[in-house]
2 protein chains.
Amino acid sequence: MYKPATIKDIAIALNLSPSTVSRALRDGYEISAGTKKIVTDYANSINYQSNPNALSLKNKRSFSIGIVVPELANSFFSQAIAGIESVAYESGYHTIITQTHDSSTRERTNANHLANRSVDGLLISMSSGTTDYTFLKTLHKNGLPIVFFDRIIDEIETFKVTSANFTGSYNATQSLIKSGRKRIAVLANAPQLSITNERLAGYKKALEDNKMPYNADLIRWCYKGGNDYQEVENAVISLLALTDQPDAIFITSDRISISCIRALKSLNADPNTMAVTGFSNSDVVDLLQPNFCYVRQKAFEMGQIAMQMLLKLIESKYPITEFETRVIDTEYHGMEKEN
Amino acid sequence: MYKPATIKDIAIALNLSPSTVSRALRDGYEISAGTKKIVTDYANSINYQSNPNALSLKNKRSFSIGIVVPELANSFFSQAIAGIESVAYESGYHTIITQTHDSSTRERTNANHLANRSVDGLLISMSSGTTDYTFLKTLHKNGLPIVFFDRIIDEIETFKVTSANFTGSYNATQSLIKSGRKRIAVLANAPQLSITNERLAGYKKALEDNKMPYNADLIRWCYKGGNDYQEVENAVISLLALTDQPDAIFITSDRISISCIRALKSLNADPNTMAVTGFSNSDVVDLLQPNFCYVRQKAFEMGQIAMQMLLKLIESKYPITEFETRVIDTEYHGMEKEN
DNA sequence: TTGAAAGCGCTAACAT
DNA sequence: ATGTTAGCGCTTTCAA
């Protein structure tokens with residue numbers, strides 16, 4: 001049984017009362033310098049660490065924050081988490097990371113567990129399947145600080161940070177059009193997601209501005225967000241089977257982008273007749289396929305901002321009523337690769 | 001302030017004592033069916049969740065386990081974590097994931113924090129820089145169940161699980177030799193790591209068995225494990241600059257493999273004169289470069305096994321004295337890609 | 001300057 | 001079958 005030393009142990013060893021030890025360790029003003037030194041020295045010598053559970057129970061404060069993301073094995077999220085951690089670490093907060101695998105049930109369980117585990121706040125990027133937000137609303141109403149990032153929702157009023165999905169998408173589509181593509185198909189992520197709709201809207205607007213028709217036949221939904229390769233391959237096959245074949249594919253998400261490239265390769269599609277452009281934060285995407293252009297989100301930065309927002313919520317003395325939704329621009333990586 | 005309902009609240013609302021409520025909720029045998037129903041119904045209606053901090057404090061048991069890995073943005077680890085979670089979830093355990101970015105300090109902080117946070121056990125894969133294991137020894141001596149996976153160490157006696165690094169490496173090198181390669185260079189990970197040495201040993205043995213000389217000139221160390229691209233590129237440049245250029249590169253780690261491919265591409269090395277083979281668990285590695293052969297570790301499976309071992313340690317009635325180090329075979333993906 | 005005591009939410013003897 | 005009480009480790013009045 002793992003049993004670290006307690007304040008009581010120190011008190012007994014030093015013939016002091018627990019309260020004195022507690023105050024000494026936290027540098028309380030009432031304690032004499034001498035006692036403080038004795039206590040801290042001894043505490044260090046036995047490598048004393050306070051029990052966070054007891055502290056949380058007492059203080060309703062844990063100096064840890066919970067992170068809920070769909071998938072760690074997704075570059076965007078692991079980069080965002082790195083950003084979150086960098087800020088959290090500086091401010092003395094620990095991070096507890098959980099993943100949902102895009103399951104609403106797991107999402108609810110994780111969020112509730114974190115809340116009960118008395119994290120001081122929650123950073124969440126929604127799962128693709130979630131349509132019922134009551135569990136979050138309840139937590140939020142009960143006073144748990146929540147910040148949404150990337151996959152945000154309208155239903156809860158708080159700080160949010162997301163990418164300029166519309167613009168990123170618009171520019172990428174523009175670029176395809178400029179390069180002469182006439183029939184641009186889309187592989188879209190689950191339609192419940194904010195990011196999906198924004199990205200699709202950017203695509204539509206680009207078509208419109210170029211007086212090109214929007215053709216629903218060219219849209220394919222990948223409800224599993226690219227986690228199910230077969231779903232993506234089927235979508236690609238059905239696009240290739242169209243009598244009026246598309247000459248480009250625009251993809252609204254990272255995992256789908258990868259799966260699409262794989263599918264095109266395995267179907268022996270000609271990379272010259274089929275241009276591919278999509279959102280991706282994979283760190284190897286530039287190595288994948290000669291002509292793959294992509295939109296990259298500033299994931300690390302988004303993580304940092306999200307954590308800063310959460311800190312603001314947590315550490316604010318009075319309730320915050322003015323909330324901000326930050327939109328971070330994306331980077332477009334076209335074919336002419338510099339650097 | 002987030003403040004969930006407590007057992008006391010329920011007790012007051014239902015005019016019962018806290019202990020009755022507690023027992024009813026945990027289906028205690030002493031409680032009448034009627035009371036049980038009343039209590040559970042009410043608890044459900046207000047969405048009562050027990051406070052894990054209080055439980056941990058009381059029971060010295062948290063039903064959560066801590067995970068310490070170098071880097072989440074590394075396919076191997078995110079896959080291993082998925083394996084860990086799958087077992088943990090089935091057994092009612094939560095996982096708390098932390099990453100060290102290969103910093104010993106972060107590693108120590110994380111491990112200590114998790115231990116104090118009263119996780120019931122620890123799953124750890126060592127950071128590349130760590131040479132002082134006293135913090136782990138201390139935790140272990142104090143009774144914290146620890147299981148090592150992948151990057152294991154000899155210094156602590158407990159359950160461990162790792163890959164057949166020697167054999168995987170041996171076979172990959174054999175394969176390079178069979179295909180006619182004569183001068184096989186190596187990009188090696190930090191030499192502190194168990195996996196680095198095992199993989200290097202496999203390489204050496206393959207040379208030996210083929211009566212080929214081991215040439216230290218062909219070995220390059222990447223102490224940053226591929227996180228520092230420049231380090232890898234420099235290594236590649238220096239290999240290409242050799243008067244007697246290597247005709248193959250064997251790489252002992254995932255991140256270095258990726259960086260090496262990128263470096264070769266940016267240096268315009270001819271993929272036909274320079275064969276590349278390395279360890280990688282990236283899910284896009286097969287798309288990267290036509291002739292890249294790779295050794296894949298069974299990461300998910302390793303995670304599952306590690307978690308099972310940890311459960312055994314945690315839930316064993318009496319102290320375990322017989323420890324096992326499981327070695328899991330690797331998959332070699334050569335050039336003839338089926339499927 | 002220090003100590004005693006109560007309480008955070010929960011459980012488990014020990015009553016009743 | 002249910003209630004009372006003490007205690008997990010810590011902080012914080014209140015008292016000395």
Side-chain angles (χ1 to χ4, degrees), chain A residues 1-40 43 46-64 112-113 115-120 142-143, chain B residues 1-40 42-43 46-64 113 115-120 142-143:
Chain A
M1 189 59 244
Y2 180 67
K3 212 179 160 329
T6 71
I7 275 195
K8 211 164 141 190
D9 297 332
I10 301 179
I12 293 171
L14 262 41
N15 223 281
L16 288 166
S17 78
S19 36
T20 304
V21 174
S22 169
R23 281 186 275 243
L25 287 174
R26 280 169 315 109
D27 204 23
Y29 66 98
E30 316 104 308
I31 306 296
S32 72
T35 316
K36 263 181 199 165
K37 180 151 172 43
I38 293 171
V39 172
T40 49
I46 63 166
N47 190 27
Y48 168 80
Q49 310 257 126
S50 63
N51 180 326
N53 286 311
L55 279 175
S56 306
L57 191 57
K58 184 74 197 164
N59 299 339
K60 270 97 183 60
R61 193 69 191 288
S62 63
F63 284 98
S64 64
N112 282 328
H113 177 255
N116 277 287
R117 182 112 196 165
S118 50
V119 292
D120 298 337
N142 286 334
Chain B
M1 189 57 244
Y2 180 68
K3 206 174 163 333
T6 71
I7 274 195
K8 211 163 141 189
D9 297 332
I10 300 179
I12 294 170
L14 263 38
N15 222 278
L16 289 167
S17 78
S19 40
T20 304
V21 174
S22 168
R23 281 185 276 242
L25 287 173
R26 283 170 312 110
D27 204 23
Y29 66 97
E30 316 105 306
I31 307 296
S32 73
T35 316
K36 264 180 199 167
K37 181 154 171 39
I38 293 171
V39 172
T40 48
Y42 182 74
I46 62 167
N47 190 26
Y48 167 81
Q49 310 256 126
S50 62
N51 180 324
N53 286 311
L55 279 175
S56 305
L57 191 57
K58 182 74 195 165
N59 300 338
K60 270 99 183 61
R61 194 64 192 289
S62 64
F63 284 99
S64 64
H113 177 256
N116 278 287
R117 182 108 199 169
S118 50
V119 293
D120 298 337
N142 287 334

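So you know, we letter chains A, B, ... as the sequences are listed, proteins then strands, and number each from 1.
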| field | Length of the line joining R61(A):CZ and dG9(D):P, which is rounded to integer Å | value | 24 Å
| query | Are the side chain of T40(B) and the backbone of K36(B) linked by a donor-acceptor contact shorter than 3.5 Å? | reply | yes
| Quick one: CG on D9(B) to CG on L14(B), what's the gap to the nearest 0.5 Å? | 11.5 Å
| Interatomic spacing from CG in N51(B) to CG in L57(B) - rounded to 0.5 Å | 9.5 Å
| query | Rounded to the nearest Å, what distance is computed from the CG atom of residue L16(B) to the C1' atom of nucleotide dA1(D)? | reply | 11 Å
| request: Take atom CD of E30(A) and atom P of dA15(D), then tell me their distance rounded to the nearest Å. | output: 16 Å
| query | Say you draw a straight line from CG of N53(B) to CG of N59(A); how long is it, rounded to the nearest 0.5 Å? | reply | 11.0 Å
| query | Under a 4.5 Å cut-off applied to non-hydrogen side-chain atoms, are L16(B) and T35(B) in contact? | reply | yes
| query | Over how many whole Å does the gap from I31(B) atom CD1 to dG3(D) atom C1' extend? | reply | 10 Å
| message | I need the CD1-P distance between I10(B) and dG3(D), as an integer number of Å. | response | 14 Å
| query | Between dA4(C) atom P and I12(A) atom CD1, what is the distance in whole Å? | reply | 12 Å
| message | Does S56(A) reach a base, just sugar-phosphate, or nothing at all? Heavy atoms under 4.0 Å. | response | nothing
| field | nucleotides 7-12 of chain C: protein proximity per nucleotide (B base, S sugar-phosphate only, - neither; heavy atom, under 4.0 Å) | value | BBBBBB
| dG3(D) phosphate, OP1 or OP2, under 4.0 Å from S17(B) side-chain N/O | yes
| If every non-hydrogen atom of A43(B) is compared with every non-hydrogen atom of I10(B), which pair is closest and at what distance? | CB-CD1, 4.1 Å
